[in-house]
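Since the structure comes first, as structure tokens, the remarks are kept for the end.
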Amino acid sequence: MPEVRVRFAPSPTGYLHVGGARTALFNYLFAKKNKGKFILRVEDTDLERSTEESLRMQVEDLKWLGLFWHEGVDSETLESFGEYGPYRQSERLDIYKEHALRLISSGQAYYCFLTDDDIEEQRKTMEKGQHITSPFREMDPKEALKRVDNGDAAVIRFKTSKQVKTYAMTDLVRGHVSFQSDLVGDFVILRSNGMPVYNFCCAIDDALMKITHVLRAEEHLNNSLRQLMVYEAFDYTPPQFGHMSLILGSDKQKLSKRHGATSCHEYKVNGYLPEALVNFIALLGWSGSADQEIFEVEEIAENFHVEKLTPSAAVFDETKLKWMNSVYIKKADTEVFWKGVLPHIKEAGIVIPEDDHWRFMVQKVFKPRMETFKDAVELMRPLSDVEFIYDEKALEALGWDSSKTVIDKWAELVSSHADGYISEEQFDELQNEVKTQCGVKGKNLFMPLRVAIIGQAHGADLKLIVPLMSKELLLKRAGWALGKA
RNA sequence: GUUCCUGUCGUCUAGAGGCCUAGGACAUCGCCCUUUCACGGCGAAGACACGGGUUCGACUCCCGUCGGGAAUGCCA
């Protein structure tokens with residue numbers, strides 16, 4: 001059994017898309033499960049769209065997700081490392097050119113001098129399903145080379161078989177799939193600017209990098225035909241292909257920008273834990289067991305079988321992702337929690353104590369109420385010395401007949417309390433004091449108190465919140481509430 | 001147009017011919033817990049796209065229709 005070698009081959013044109021992330025994840029899992037190698041190859045042959053910044057962003061996103069690779073580009077320097085490099089296609093141009101020329105000399109490819117205008121002209125009279133026919137297909141290669149040397153712009157086209165042939169493969173997730181060769185015409189393998197075209201360099205790289213399994217998105221299924229042709233032309237053995245289902249938006253169209261957040265980076269910035277995103281994405285097209293949904297990456301890898309991948313497309317349900325993120329936030333320890341929360345409350349301009357014990361208590365109180373780390377902002381705002389506005393329900397509670405007396409008494413008791421924080425037990429005592437002295441109980445007691453303390457009619461248990469607020473702040477709050485009561 | 005892939009609750013899915021009175025999860029609704037709101041617990045509602053076969057028996061296999069996606073590019 002040869003070593004399992006899989007790859008993720010993104011083109012660096014923006015942040016890592018969640019669809020790409022899933023492709024990367026499944027390849028990563030497959031390698032892990034089979035003790036193989038996971039390779040990161042960069043498909044930057046589209047000069048117009050590929051950028052260095054994009055590459056860096058994608059590498060960052062992969063690292064954030066915890067998907068590390070054995071060969072590819074270095075996550076810091078972005079330089080190739082590994083024995084089958086280089087791993088950036090823009091650095092492999094000589095290899096593609098050499099391969100293309102090899103096909104020309106074996107009569108399996110040819111120079112084509114058709115201009116865009118020529119092709120446009122041909123298209124006008126073409127029936128649907130017909131392909132471009134190049135008059136240069138049978139041109140004498142020496143003649144053609146002369147023109148090329150003269151500086152004439154030329155692409156190199158793959159010479160497809162005249163007789164219709166059937167190309168078949170066993171897809172790891174779809175089973176037996178076959179294509180008729182006349183589905184494609186003589187396709188371009190090398191552009192006039194010398195850059196190779198996807199289906200050509202992809203096949204060559206997979207062969208040269210000894211890739212054994214190609215797990216990629218379903219949109220590439222039809223590309224397999226051309227790649228199979230390339231493998232055949234060089235007498236290379238094709239890898240095992242597995243085409244995974246597409247990820248769709250809520251309207252069942254391919255997930256795109258208009259569906260909202262589609263890049264991993266956005267989820268990172270919006271307060272999601274990478275473990276949650278990974279877990280959620282893994283469940284799109286894979287299920288490890290009938291009654292478990294929360295999985296550590298290790299568990300997913302152990303249970304990962306390509307045969308278990310579903311062939312049908314999946315809708316990306318953000319609501320469920322949010323739920324899953326809330327599960328992971330509840331599981332997070334204090335350190336992870338604050339690492340996730342701090343950037344958001346900082347951005348919102350909220351200042352909080354440095355105290356370790358305080359932070360430990362706060363995360364305990366708010367964890368069960370959060371879906372994303374961003375939620376911490378509104379949750380913690382009442383804990384800091386910032387102005388806030390009362391909502392309708394809060395104002396209503398302040399308007400009750402007894403509210404003013406209750407808050408008055410509360411403020412009086414707090415101000416006569418010893419300096420420092422009020423404990424849970426002390427708060428209970430204070431509340432009881434207000435109750436007996438004002439003769440108010442139930443809703444009429446605790447609602448005005450709640451509003452006087454956090455400015456909202458709803459929220460965490462007061463006896464958990466009060467110990468997190470300074471006496472000074474409590475008094476200031478009570479003062480504001482009194483102004484509205 | 002042609003070719004290829006695909007079709008189980010609103011969504012993600014379990015289901016490899018009898019285990020299915022189709023299971024779980026998210027969302028929804030109800031109840032419980034709770035001096036509020038969450039969390040949590042319990043429960044309800046909710047699906048095999050349709051039509052033909054094959055079979056003693058079909059969600060499962062085959063064919064067709066319909067729906068969705070992809071390819072037919074000097075994008076990947």
Side-chain angles (χ1 to χ4, degrees), chain A residues 9-11 13 20 43-46 48-50 89 112 114-116 119 123 126-132 153-157 171 173-175 177-180 182-185 187-199 201-202 216-226 243 245-246 248 250 252-254 280 283-294 307-308 310-324 326-327 330 365-371 379 393 397 431 435 441-447 449-451 454 456-462:
Chain A
S11 23
T13 57
E43 308 222 325
D44 52 355
T45 56
D46 185 345
E48 314 258 299
R49 301 195 302 147
S50 303
Q89 292 188 325
C112 172
L114 248 24
T115 63
D116 285 349
I119 290 173
R123 286 238 160 83
M126 247 164 52
E127 304 264 321
K128 280 204 167 175
Q130 275 193 311
H131 307 293
I132 301 291
V155 299
I156 296 180
R157 285 183 186 273
D171 190 278
V173 344
R174 276 152 225 281
V177 180
S178 64
F179 312 92
Q180 297 297 318
D182 61 350
L183 187 67
V184 297
F187 54 94
V188 174
I189 55 177
L190 215 64
R191 289 185 262 246
S192 48
N193 67 0
M195 296 304 275
V197 168
Y198 170 72
N199 284 298
C201 51
C202 177
R216 50 160 49 150
E218 190 192 334
E219 51 193 331
H220 291 292
L221 186 56
N222 289 284
N223 286 325
S224 304
L225 170 61
R226 281 185 267 203
H243 289 90
S245 60
L246 255 19
L248 273 24
S250 48
K252 303 238 181 187
Q253 298 296 303
K254 206 173 139 180
F280 176 74
L283 255 28
L284 255 30
W286 171 85
S287 83
S289 101
D291 52 10
Q292 186 185 347
E293 298 220 278
I294 303 296
E307 314 83 67
K308 294 285 279 178
T310 24
S312 56
V315 172
F316 191 91
D317 182 6
E318 265 205 72
T319 310
K320 186 157 183 176
L321 204 210
K322 268 194 182 148
W323 165 78
M324 194 163 277
S326 80
V327 171
K330 284 183 199 93
V365 172
F366 293 125
K367 250 190 214 169
R369 328 179 75 84
M370 292 167 55
E371 285 188 318
L379 254 16
K393 282 196 166 162
Q431 198 181 28
K435 184 175 168 184
K441 58 178 180 176
K443 213 174 170 184
N444 287 317
L445 171 70
F446 64 80
M447 280 307 255
L449 277 185
R450 170 172 293 284
V451 174
I454 62 164
Q456 294 160 10
H458 302 300
D461 211 337
L462 281 183

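Straight-line distance from the NZ atom of A:Lys367 to the P atom of B:C39: 16 Å, rounded to whole Å. Going from atom CG of A:Asp171 over to atom C1' of B:A70 covers 14 Å, rounded to whole Å. For the pair A:Glu48 CD and B:C75 C1', the interatomic distance rounds to 10 Å; values are reported in whole Å. The CZ-P distance, from A:Arg157 to B:G73, rounds to 9 Å in whole Å. When rounded to the nearest whole Å, the span between NE2 of A:His220 and C1' of B:G73 equals 15 Å. Straight-line distance from the CD atom of A:Gln130 to the C1' atom of B:G73: 16 Å, rounded to whole Å. The nearest whole Å value for the distance from the CD atom in A:Glu293 to the C1' atom in B:A14 is 10 Å.
At the heavy-atom level, A:Arg174 lies under 4.0 Å from the strands shown only through sugar-phosphate atoms. Using a 4.0 Å heavy-atom cutoff across all strands shown, A:Val155 reaches at least one base atom of the nucleic acid. A:Ser245 comes within 4.0 angstrom of no nucleic acid atom, judged by non-hydrogen atoms across all strands. Counting non-hydrogen atoms under 4.0 angstrom, A:Gln292 reaches nothing in the nucleic acid.
Taking only side-chain nitrogens and oxygens, A:Thr319 never comes nearer than 4.0 Å to OP1 or OP2 of B:C26. Residue A:Ser312 places none of its side-chain N or O atoms closer than 4.0 Å to OP1 or OP2 of B:G68.
Ring geometry for A:Tyr198 against A:His220 counts as tilted: the plane angle lies between 30° and 60°, on a 0 to 90° scale.
Nucleotides B:G41 and B:C48, compared at atom P, are 30 Å apart to the nearest Å.
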